[in-house]
There are 2 protein chains.
Amino acid sequence: MAKVKIHSKEIPVKTIGRLSQYRRALLICTLKGKTHIFSHEIAAIQHVTAVQVRRDLMLIGFNGSLKQGYNIRNLIDVISEILDYEEGVNVAIFGLGNFGRALFNYFYGKRSQLRIVATFDSNTEKIGTEYNKVYCYSPYRVEEIVKKKNIKIAILTVPPKRALEVAKKLVDAGIKGILNYTSTPIDVPDDVFLDEYDMITTMEKAAFFVKMNELKL
Amino acid sequence: MAKVKIHSKEIPVKTIGRLSQYRRALLICTLKGKTHIFSHEIAAIQHVTAVQVRRDLMLIGFNGSLKQGYNIRNLIDVISEILDYEEGVNVAIFGLGNFGRALFNYFYGKRSQLRIVATFDSNTEKIGTEYNKVYCYSPYRVEEIVKKKNIKIAILTVPPKRALEVAKKLVDAGIKGILNYTSTPIDVPDDVFLDEYDMITTMEKAAFFVKMNELKL
DNA sequence: ACAGTATTGTTATTTATTTAACAATAATGA
DNA sequence: TCATTATTGTTAAATAAATAACAATACTGT
């Protein structure tokens with residue numbers, strides 16, 4: 001899944017990510033009363049080049065004016081039409097440990113598009129309780145609840161040893177996207193979106209570059 | 001900072017990340033008593049192709065045997081020599097909110113290489129307390145403490161509005177790497193490692209792909 | 001009227017990364 | 001002995017993405 005077709009043009013996956021970022025920058029600009037913006041201004045807020053902004057906008061077929069730049073309101077609308085899911089998306093968190101709860105709080109109420117509608121944890125003390133008004137279910141009920149609540153995306157924060165098993169269950173239950181924050185890489189069919197972010201790897205990479213830079217001196 | 005020289009060979013940044021992952025897979029294998037492993041076995045654990053594993057190992061100059069594959073112990077040592085920082089690396093967390101605490105717990109004690117030696121928060125109730133035996137400082141003391149404790153890497157989990165300001169302070173104080181988990185993109189000089197991971201963008205991307213896949217049906 | 005300027009939109013080039021292809025090798029077993 | 005097999009190591013090709021280059025345009029000030 002490397003490119004995506006929109007308006008019969010191929011759009012790089014990375015452009016999709018940037019569009020989301022552009023939109024956030026644009027929303028802030030509207031709050032300040034700005035109505036138009038130049039590519040280099042967007043570029044300065046996010047850290048990309050002005051060329052990349054123009055190229056991304058070209059790909060989605062959005063045109064600016066030569067002297068005023070891009071109409072912010074229109075651009076937000078066009079990006080939203082591409083990114084957003086009309087009826088919103090139901091999300092569930094699997095693993096209500098520290099990290100799961102943090103992610104919960106991070107999202108809760110931030111974007112109405114993305115609704116956290118259930119949590120799952122194998123700890124019997126948590127099962128049956130509510131966390132911020134969202135019920136915590138036993139992992140045994142994954143299939144049932146995913147279907148009943150029409151959950152499309154799963155945030156995976158279970159212990160690394162459980163990751164594979166839970167992921168399999170999720171796929172079987174018909175989940176459409178998984179954000180895997182465990183350190184265990186998982187495999188999913190092609191039609192399931194997967195994002196894996198491993199903090200240990202990131203930290204080790206950071207440490208490595210720190211070392212490299214010191215050696216250069 | 002796109003490639004890195006090791007043994008006079010150019011190594012892609014992504015390879016560095018995979019080496020870290022390979023090592024983790026290998027460590028698990030040694031626990032199971034395995035001594036040798038084939039490229040396709042490593043590939044199956046992480047989700048990359050066998051070719052990519054072989055290519056990565058070629059780049060770091062590690063040789064396997066034709067019939068047994070790669071010696072796990074030796075490979076771990078070679079990867080460690082590349083990745084690890086002899087004296088370890090001191091890390092600090094900036095912003096002890098839910099997310100900051102979750103990251104703290106995630107790392108605490110996991111890798112002796114990476115030591116969390118300080119936390120910072122602007123909440124006066126947190127300043128001066130200890131969280132898991134690590135002192136929480138006022139942001140006013142960033143420069144002083146970063147230097148005194150030789151902190152090389154910063155985990156940034158402050159509110160998005162503070163991100164730019166704190167990042168600037170960190171760079172001024174001589175930090176060498178920043179992992180930015182706020183939704184505000186920051187800019188750093190070339191010699192500072194930067195990793196940005198924005199969960200909102202990731203979720204929106206996930207929702208987008210879910211939508212795309214449904215439209216295909 | 002027209003040179004100068006700043007910007008967009010698009011094509012071309014470059015760079016980075018992955019994937020494919022395949023020779024070399026060593027063990028196996030007919 | 002020699003074809004078969006499974007693997008590594010490496011070069012070549014393909015793919016993906018970012019960057020550069022630049023024509024087209026519309027406004028400004030002289």
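The structure displayed is predicted, hence computed values, not measured ones.
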Should F104(B) and I155(B) count as side-chain neighbours, where that means a heavy-atom distance under 4.5 Å?
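SC-SC contact between F104(B) and I155(B) ruled out.
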Can you tell me the distance, in whole Å, between the [atom1] atom of [X] and the [atom2] atom of [N]?
| X | N | atom1 | atom2 | answer |
| --- | --- | --- | --- | --- |
| L59(B) | dT19(C) | CG | P | 15 Å |
| K14(A) | dT15(C) | NZ | C1' | 13 Å |
| Q52(A) | dA16(D) | CD | P | 17 Å |

For the residue pair Y197(A) and Y181(A), categorise the inter-ring angle as parallel (less than 30°), tilted (30 to 60°) or perpendicular (more than 60°).
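Correct class here is perpendicular.
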No-hydrogen, no-angle side-chain donor-acceptor test under 3.5 Å, R23(B) and S80(B)
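Yes - a donor-acceptor pair under 3.5 Å links their side chains.
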Using a 4.0 Å cut-off on protein heavy atoms (strictly under), produce a 5'-to-3' string for nucleotides 2-14 of chain D with B for base contact, S for backbone-only sugar-phosphate contact, and - for none.
-----BBBBBB--
Interatomic spacing from CD1 in I60(B) to OH in Y22(B) - rounded to 0.5 Å:
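If I round to the nearest 0.5 Å, the distance is 9.5 Å.
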At what distance, to the nearest 0.5 angstrom, does CG of N90(B) lie from CD1 of I153(B)?
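Answer for the CG-CD1 pair, N90(B) versus I153(B), is 9.5 Å.
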